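To start, the structure itself, in structure tokens.
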There are 2 protein chains.
Amino acid sequence: MESSTFGPAQLVLTASIARRYYVDGRSKVEIADEFRLSRFKVARLLDQARNSGLVRIEISHPGAIDLDLSSRLQEALGLRRAIVVDTPEEDPAALRLQLGKAAADLLSEIVTADDVLGLAWARAVTAMTEQLTSLAPVPVVQLTGALTRPDVEANSVELVRHTARLSGGPAYLFYAPLVVPDAATARALRQQPEVAEAIGHFDSVTKAVVGLGSWAAGQSTLYDAMDEKSCDQLRRRGVVADISGVFVDADGRPVHSRVTDRVVAINAAQMDAIDEVIAIPYGLAKVDAVRAAVRSGLVNGIVTHAPLAKALMDQTH
Amino acid sequence: MESSTFGPAQLVLTASIARRYYVDGRSKVEIADEFRLSRFKVARLLDQARNSGLVRIEISHPGAIDLDLSSRLQEALGLRRAIVVDTPEEDPAALRLQLGKAAADLLSEIVTADDVLGLAWARAVTAMTEQLTSLAPVPVVQLTGALTRPDVEANSVELVRHTARLSGGPAYLFYAPLVVPDAATARALRQQPEVAEAIGHFDSVTKAVVGLGSWAAGQSTLYDAMDEKSCDQLRRRGVVADISGVFVDADGRPVHSRVTDRVVAINAAQMDAIDEVIAIPYGLAKVDAVRAAVRSGLVNGIVTHAPLAKALMDQTH
DNA sequence: CGCAGGCTTGCTCATATGAGCGGAACCACC
DNA sequence: GGTGGTTCCGCTCATATGAGCAAGCCTGCG
């Protein structure tokens, strides 16, 4: 049972065979002939070698992407996509750059001419579009209003326009804030021709990149932009995450409230209808938000960094 | 061709598949079903994964034996056995202990009741017998005379007797020095009943453990025990190694000289007839001696440590 | 001595796999 | 729009492989 059961000669023989098989890629029959063994014996030695840990198979990649972690995260959370960037980077800005690059690569890879791309406003999404260098010619639809902050120059409009130019497809964009003071204003804005046209295309969006915030100060641009009262109200309703204006609780259920009506953005049902929705979360504070977003089923693709990925895996097990 | 040709999604997919196949041990058909791919596609992705270095297969062992190096050394030198102990140990005595243990394990493993074991005198062989804990009941034959040195208490006689007692088989041992001052004395010694009986068993020996020295001061107990003149004479004849009293040159050819006749030990032809002859060399100074010994075909099994093994591989390539 | 039980070995046969092929899609260039 | 090159894909068929089995073979015990 244990490897110590075997003598050194046996072990070396097994090692030789394992190398022939795994490294040199020979067939078991060839190996059997070479070593004057039956192919069954070879197969058994290889089995032993594997489950005694004598051969260790490592999945690694010279680049920044931790493929093994990516694929395990993808499976653990039941995601369509998961890209885990393995970087020691701590600085949020530099991190966004790396994640943006990975997300941009992902997007150029998975978007085909048949798709309709939806983009929400988020710093991470902006970071992605800045790294984007090529994209199939697809319509690009703005999914949310803008959240203009003094420290951020880019807005959702620029983001969409830039992407559409790169792609060569039509852009459906509009100028409106993400949250407005009351529901009536929001309704009025949604009637605006450009806004209405963009919204009209929500149903045909097949792939989207959205923002993902944890419902706490400094963890969501939307939270930081809203009045304290509304924030508290949503928190009392159990909101732990906002997905580009869609609020979800810890179980992943969308939360509807008066605040929801004041948001000019894609809603939960529309987002749910999109085939692939990708978020780019980072920072350990977002663990619960990511879990909620994934549980909701609204988000089914993630581009993130190793610490957050590991935190997600730990709690899932 | 390059892995950078693929996007992240492709890479992650490949990683997932590689893990399913190599780690989980699923069949390609199963994987193909799971991922909705043709089995051919799966096979191609796995091929890519392998030869792009995405999956790395390591052969390792928690113990002291470097299996991968062992098996590669074995193949590189065309040996029947090669055990490479991976120890950072520098101290010769401690190293002998480790090699002795490995060699002892090897011997208990490979010696069966049908064998006849031959043992030569050598510190390393003594180290091996000291570590020996079990052995099939076989006859044990002393292959060489003793080289008594003031700093070494054990002699070849004790070594053989001890092993035979452990084994439970008969011992063929004799009291005689390894080298004597002249050929006549050697001849006379060979006539001695015990010596003659042991020599009479040389032909039936199937497995032997011998000493291996580099023909230089401090690298061979035999060299150090002989007069300078004889040493020089042998060196002029091209001797680079002594295998328990058998002298070989760099090409592995046995060298016969007047000195040879003064040795009371197994000769080259008799050693050549033994199925497995194992040596336990260590120390980088012995590289050439080991190569010569292997080239001669007299020695076909080696127990050594990583630095010497690597040195042997380097020069071979 | 004889026999039961565990263990190893190599077999059969159904299934998995690889080599090589031809067709479809794509591309760049006429 | 044609055209040759290239790549990718999935097929066929011969081969490799695994599951399970039965025969040999130790080993310990009555």
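Note that the coordinates shown come from a computational prediction; the quantities given were computed from them, not determined experimentally. Throughout, protein chains are lettered first and strands after them, A, B, ... in sequence-line order, and every chain is numbered starting at 1. Any value given below was found using the heavy atoms of this structure, including those in side chains, with hydrogens, waters and symmetry copies removed.
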Legend entry - Contact check, side chains of Arg96(A) and Tyr282(A), non-hydrogen atoms, under 4.5 Å: yes

Inset, instruction - Report yes if the side chains of Leu69(B) and Asp86(B) come closer than 4.5 Å at any heavy-atom pair, otherwise no. - result: no

Legend entry - Under the side chain to side chain contact (heavy atoms under 4.5 Å, CB included) test, residues paired with Ala103(B) that sit two or more places apart: Met128(B), Ile280(B), Val303(B)

Inset, instruction - Could you tell me the separation between the NZ atom of Lys41(A) and the C1' atom of dG24(D), rounded to a whole number of Å? - result: 14 Å

Inset, instruction - For Leu45(A) and dT8(C), give me the distance from atom CG to atom C1', rounded to whole Å. - result: 12 Å

Legend entry - B/S/- contact track for nucleotides 22-28 of chain C, protein heavy atom under 4.0 Å: -------

Expected rows: protein N/O vs nucleotides 13-21 of chain D N/O, under 3.5 Å:
residue : atom : partner  : partner atom : Å
dT17(D) : OP1  : Lys28(A) : N            : 3.2
dT17(D) : OP2  : Lys28(A) : N            : 2.7
dT17(D) : OP2  : Val29(A) : N            : 3.0
dG18(D) : OP1  : Lys28(A) : NZ           : 2.8
dG18(D) : OP2  : Lys28(A) : NZ           : 2.6
dG18(D) : O6   : Arg39(A) : NH2          : 2.8

Legend entry - Carboxylate-amine/guanidinium proximity below 4.0 Å for Arg80(B) and Asp275(B): yes

Inset, instruction - Check the pair Arg26(B) / Tyr21(B) against side-chain hydrogen bond (donor to acceptor under 3.5 Å, both in side chains), numbers first and verdict last. - result: CA-CA 5 Å; Arg26(B) 313 306 221 74; Tyr21(B) 186 75; over 6 Å; no

Only counting residues at least two apart or in another chain, list the ones meeting salt bridge (charged side-chain N to carboxylate O under 4.0 Å, His left out) with [X].
X: Asp115(B); value: Lys207(B)
X: Asp24(B); value: Arg20(B)
X: Arg50(A); value: none

